Amino acid sequence: MDLALLRTFVTVHRAGSFTRAAALLGLSQPAVTSQIRTLERQLGRPLFLRQARGVTPTTIGDELAHKAAPHLDALVEIAETGLDEESSMRTLHLAGPPEFTAERALPALTSLAGQDGHSYALRASFGTADEVLEGLASGHHDLAIATARPRGALLTATPLCDEEHVLIAGERWAARLGAGRPAGGGLDSGGLGRGGLGRGGLDPGGLGRGEALPLENLPVVEVHETLPFVSRYWAAVFDACPAASGAVIVPDLRAVLACTASGAGLAVLPRYLCADALKRGDVVALLEPPVPPLRTYFLVVRTGTLAMPHIARAHEWLLRAAVEWS
């Protein structure tokens, strides 16, 4: 079986489209279509179902991709790095959400570079879960960090860590809710306990399910108009939907923290991202529920690529580092 045909097949399988595969391979779409038809004739079975938008692999197509892709990736690795392991510089392509990748993953991986005499180059890309998983499946990335577990056998996911979400506000808004800090640095007696808000908020005796904080008159800082972080928090803690709209919408959690600390409103952020600001008193945690909302990060690779040493080392290193993040 022609390896060039297999390479084209795996690229189409990962890209989900003859057009995208042609762009990745530097070929014309008719050339890609012709190669796939040739391979289908050789096998005597259809490998893809043609649809209005892209293609869907048949069962035989999925089985062939599962068997062939890891070996093709290994051959590409040999071709790119050569046989001299000591002198070759390997490149790891990592993708993930911007804040977590910048604050957690990249510092961990840059400390790995040069360890044990095996250095490698590192290239990072940022994107949403859908974007990084699609890029990984298409072969643009070697390793991806995502907040969604991928489906199917093409990608393999390992839970990396959980992040706790915290409801925070700047001093001005926290004080209005009875959560201001007195001179000693702690919460005042009428402020926040583990049960709920004190003066200006809810009964400090405790929050029941559905007793959500009244947000109608409070500005919210978020990453999107749909309020994904606030809505997820309200659903988990109060079993309710927040009655609020975004006052400041900015697509970066670090900017959300900066706006919240400057008094723009309240926000829900990962604890790792706002832990230092909480310690400094730049922001205040408005609530400490007994069971805080969590979101899981997954470390994802194309199935079979952990046979490549540089991907396996980065994968293992991130899993080790994640033990300290929890």
Side-chain angles (χ1 to χ4, degrees), residues 1-85 88 90-95 123 125 127-144 146 148-158 298-312 315:
M1 188 178 294
D2 191 335
L3 289 179
L5 297 183
L6 276 179
R7 179 170 178 257
T8 298
F9 160 73
V10 170
T11 304
V12 172
H13 187 276
R14 287 171 170 169
S17 162
F18 285 172
T19 302
R20 288 197 293 270
L24 291 170
L25 293 167
L27 300 174
S28 67
Q29 182 175 338
V32 170
T33 302
S34 176
Q35 289 187 25
I36 295 300
R37 286 175 177 170
T38 299
L39 186 59
E40 289 178 328
R41 284 196 300 269
Q42 291 179 2
L43 296 173
R45 305 288 290 275
L47 297 173
F48 297 103
L49 299 176
R50 279 67 168 176
Q51 298 178 332
R53 293 186 177 181
V55 293
T56 300
T58 62
T59 301
I60 296 299
D62 271 334
E63 291 179 359
L64 179 60
H66 184 71
K67 292 178 180 179
H71 301 291
L72 284 170
D73 287 335
L75 289 173
V76 170
E77 176 74 7
I78 292 173
E80 289 181 348
T81 62
L83 299 177
D84 188 355
E85 292 288 342
S88 61
R90 301 182 178 218
T91 300
L92 178 76
H93 295 270
L94 173 73
R123 301 291 184 270
S125 301
T128 65
D130 289 341
E131 290 169 345
V132 300
L133 292 178
E134 181 178 352
L136 178 66
S138 300
H140 294 300
H141 317 307
D142 300 314
L143 195 60
R149 185 189 290 272
R151 297 179 180 178
L154 182 62
L155 301 178
T156 300
T158 304
F298 296 94
L299 197 54
V300 191
V301 297
R302 289 188 302 279
T303 300
T305 56
L306 285 179
M308 300 180 184
H310 71 301
I311 297 178
H315 188 275

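Residue numbers count from 1 along this sequence. None of the values given here were measured: they were computed from a predicted structure.
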Could you list the donor-acceptor pairs under 3.5 angstrom formed by side chains in residues 131-140, with sequence neighbours left out?
{"unit_1": "Glu131", "atom_1": "OE1", "unit_2": "Thr128", "atom_2": "N", "d": "2.9"}
{"unit_1": "Glu131", "atom_1": "OE1", "unit_2": "Thr128", "atom_2": "OG1", "d": "3.4"}
{"unit_1": "Ser138", "atom_1": "OG", "unit_2": "Glu134", "atom_2": "O", "d": "2.9"}

field: Distance (rounded to the nearest 0.5 Å) between His66 NE2 and Thr303 OG1
entry: 6.0 Å

- request: Among Thr59, Val55, Asp62, Leu64, find the one that has a side chain to side chain contact (heavy atoms under 4.5 Å, CB included) with Leu47.
  value: Leu64

query: About how many Å separate CZ of Arg123 and NE2 of His141, when rounded to the nearest 0.5 Å?
result: 14.0 Å

Distance-minimising heavy-atom pair for Ala69 and Val10: CB-CG1, 4.0 Å

statement: Arg149 and Ala157 have their tightest heavy-atom pair at NH1-O, 3.9 Å

- prompt: Which residue pairs satisfy the salt bridge (charged side-chain N to carboxylate O under 4.0 Å, His left out) criterion with at least one member in residues 22-45, sequence neighbours excluded?
  reply: Glu40-Arg50

- prompt: Which pair of non-hydrogen atoms, one from Ala129 and one from Ala146, has the smallest distance, and what is that distance?
  reply: CB-CB, 4.3 Å

task: Please say which of Leu92, Asp142, Leu143, Thr305 ends up in a side chain to side chain contact (heavy atoms under 4.5 Å, CB included) with His315.
output: Leu143

query: Is the side chain of Thr11 donor-acceptor paired with the backbone N or O of Arg7 at a distance under 3.5 Å, no angle test?
result: yes

task: Kindly give the heavy-atom pair with the smallest separation between Ala148 and Phe298, and that separation in Å.
output: C-CD1, 3.8 Å

- prompt: Quick check: are there more than 12 heavy atoms from other residues, nucleotides or ligands sitting under 6.0 Å from NE2 of His93?
  reply: yes

task: Quick one: pull up CG in Leu6 and NE2 in His71 and give me the separation to the nearest 0.5 Å.
output: 10.5 Å

task: Any pair with a residue in residues 10-36 that passes salt bridge (charged side-chain N to carboxylate O under 4.0 Å, His left out), sequence neighbours left out, goes on the list, sorted by first then second residue, please.
output: Arg14-Asp73

task: Just say parallel, tilted or perpendicular for the rings of Phe18 and Phe48, cut-offs at 30° and 60°.
output: perpendicular

